[in-house]
Amino acid sequence: MFSLSLIEHDLPMPPHLLSRPLLDAIKAELERLFLDKVIANLGLCVSVYDIRSVEGGSIHAGEGCSTYRVSFRLLMFKPFNGEVLVGRISGYDDKGLQVSLDFFDDICIPGHLMQFGTERGPDGRWMLKTEDNDELYLDLDDEIRFLVSSTKYLPIPIEQKEGDPPFAPMQIVGSIKGDGLGLLAWWAADEEGEEAAEQ
Amino acid sequence: MKILKANAGSLTNFEVLDFLRSRGAKVDPMGCLGVVAASECKVYEYLLQTPACNQTRESIYEFVKRSEGFRLADADKLNVINWRPSSAADAYAMIEECGRRFNRDERGETCDEDERVQEFLDMVKEVLPPPPPKAEAEAEAEAMQE
């Protein structure tokens, strides 16, 4: 779910930070630059993990700040394909389900990656019809376990039309097709059923 | 900005939680402000609801050592540590090609895959600490007792 990325950056240090110790100032500046932002193909930056080295400090002509070459590691949220995650259902439409991890919301589970037999109910919610004709609804705020099937980094749109959903730079496509995937309640109930049968 | 190494190592949920704790993250939203950023605070709160919340470094070392007998890839181990499967269905979701992985024992002889999965689950149960019961589940359990 999380991984580290090693990055080198030429960091201009604004003069108003000169009064602070160098490492503190660099860290604050890095946090301002990267925290809570998506870097294409790297993932969502959660935190600055550590600073490996600081070099330079040269002042370029005509600038009021010193520039340091800093190499550091960022703690990124970047699930690998095939990783299992647990989230909450935050919405649905005719394409599929939207899932939220509280700190990351741009996850969708398209209809073709759901268990066989999942369709939309009369009120628009998705439901799974079982062999016994039970209707299992996938409801809002239910906890759902899914497999990461791919992660897309979309290019920044040139034009944003009115009424478009907010732009999501990183989008995870999840799948709930398979054993043990889907609502946590389905499989927990299953377990209790087995135990009852054993008794 | 130059990316020297896109993937300089994966972290388990526990390691992230441990790191955020050492930074001073707390559940109290006011206590968090100023010490850690909002993004870190949210991740911390999410991780507290996962099985990582009461794992220790020792329990994870122990798990890695004892899982050597099972033919698991690192990614599978990561899934298992992060989510701590408690039933066979969980294990099948978390481990790729679970059936094929588990039809041989540590000496390479064929064995029953269901028994082997159960053996693995027992080991997980023994080594990794169980997640604390959730508030709702507790309320339900109390209601059951009454």
Side-chain angles (χ1 to χ4, degrees), chain A residues 1-11 31-37 39 41-50 52 69 71-87 100-104 143 145-147 176 178-182 184 186-188 190-191 194, chain B residues 1-17 19-20 22-23 25 36-52 73-76 78-99 134 136-137 140 144:
Chain A
M1 194 157 158
F2 297 97
S3 67
L4 296 174
S5 293
L6 184 61
I7 289 173
E8 196 179 76
H9 188 61
D10 287 329
L11 189 74
E31 286 183 350
R32 191 183 65 79
L33 275 178
F34 292 105
L35 234 57
D36 223 1
K37 301 211 171 91
I39 304 176
N41 296 323
L42 279 191
L44 172 75
C45 179
V46 173
S47 182
V48 177
Y49 192 76
D50 59 358
R52 303 293 288 272
R69 173 159 294 183
S71 86
F72 53 97
R73 287 192 294 181
L74 293 178
L75 180 61
M76 309 298 288
F77 168 68
K78 187 191 194 243
F80 54 86
N81 295 350
E83 181 162 4
V84 175
L85 298 179
V86 177
S100 158
L101 292 180
D102 293 342
F103 62 95
F104 185 83
E143 279 190 289
R145 181 189 288 144
F146 60 94
L147 208 69
I176 51 169
D179 280 339
L181 300 173
L184 290 190
W186 294 352
W187 301 98
D190 212 310
E191 213 172 291
E194 273 171 33
Chain B
M1 191 184 86
K2 203 163 84 184
I3 298 165
L4 296 180
K5 225 189 216 173
N7 187 359
S10 295
L11 297 179
T12 61
N13 283 358
F14 164 74
E15 283 169 300
V16 175
L17 192 65
F19 169 72
L20 292 179
S22 72
R23 292 280 309 268
V36 292
S39 65
E40 296 169 272
C41 214
K42 275 192 197 161
V43 171
Y44 180 72
E45 277 171 26
Y46 173 79
L47 289 179
L48 277 185
Q49 292 163 17
T50 68
D74 285 345
D76 299 323
L78 195 68
N79 272 339
V80 170
I81 292 170
N82 283 350
W83 298 110
R84 188 180 181 273
S86 56
S87 68
D90 293 354
Y92 274 81
M94 285 163 204
I95 298 166
E96 218 180 343
E97 299 195 14
C98 192
K134 284 182 188 156
E136 286 170 37
E140 267 175 38
M144 289 275 276

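Sequence lines set the chain letters: A, B, ... in the order given, protein chains first and strands last, and positions in each chain run from 1.
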Taking only residues two or more places apart in sequence or in another chain, which ones pass side-chain hydrogen bond (donor to acceptor under 3.5 Å, both in side chains) with A:D36? none
What option among A:D102, A:V86, A:L147, A:L85 has the most heavy-atom pairs under 4.5 Å with chain B? A:V86
Please state whether the side chain, the backbone, both or neither of A:F2 comes within less than 4.5 Å of a heavy atom of chain B. both
Taking side chain as everything from C-beta outward and backbone as N, CA, C, O, which of these in A:F77 sits under 4.5 Å from a heavy atom of chain B? Side chain, backbone, both or neither. neither
Less than 4.5 Å to any heavy atom of chain B: does that hold for the side chain of A:I39, its backbone, both, or neither? side chain
Can you tell which part of B:F19 gets under 4.5 Å to a heavy atom of chain A, answering side chain, backbone, both or neither? side chain
At a 4.5 Å cut-off on heavy atoms, which part of A:D179 comes close to chain B: side chain, backbone, both, or neither? both
Name the region of A:L101, side chain, backbone, both or neither, that has any atom closer than 4.5 Å to a heavy atom of chain B. both
B:L47, part contacting chain A, at a heavy-atom distance under 4.5 Å: side chain
For chain A, find which of B:N7, B:L20, B:N82 contributes the most heavy-atom pairs closer than 4.5 angstrom. B:N7
Residue among A:K78, A:R145, A:E31, A:M76 with most heavy-atom pairs under 4.5 Å to chain B: A:R145
Nearest 0.5 angstrom please: A:L181 CG to B:D90 CG, how far? 9.5 Å
Largest heavy-atom contact set with chain A, pairs under 4.5 Å, which of B:A88, B:A91, B:S10, B:A6: B:A6
Rounded to the nearest 0.5 Å, the NZ atom of B:K2 sits from the CD1 atom of A:I7 at a distance of 12.0 Å
State whether the number of non-hydrogen atoms from other residues, nucleotides or ligands found under 6.0 Å of B:K5 atom NZ is greater than 12. no
Do any N or O atoms from the side chain of A:S47 and from the backbone of B:E40 form a donor-acceptor pair under 3.5 angstrom? no
Expected output: side-chain B:S39 to main-chain A:V46 donor-acceptor under 3.5 Å: yes
Tell me, side chain or backbone of A:E83 under 4.5 Å from chain B's heavy atoms, or both, or neither? both
Tell me whether the count of non-hydrogen atoms from other residues, nucleotides or ligands lying under 6.0 Å of CD in A:E8 goes above 12. yes
In B:T50, B:N79, B:N13, B:V16, the residue satisfying side chain to side chain contact (heavy atoms under 4.5 Å, CB included) with A:M1 is B:N13
Can you tell if the side chain of A:L42 reaches within under 4.5 Å of the side chain of B:I3, non-hydrogen atoms only? yes
For A:F34, is it the side chain, the backbone, both or neither that has a heavy atom under 4.5 Å from a heavy atom of chain B? side chain
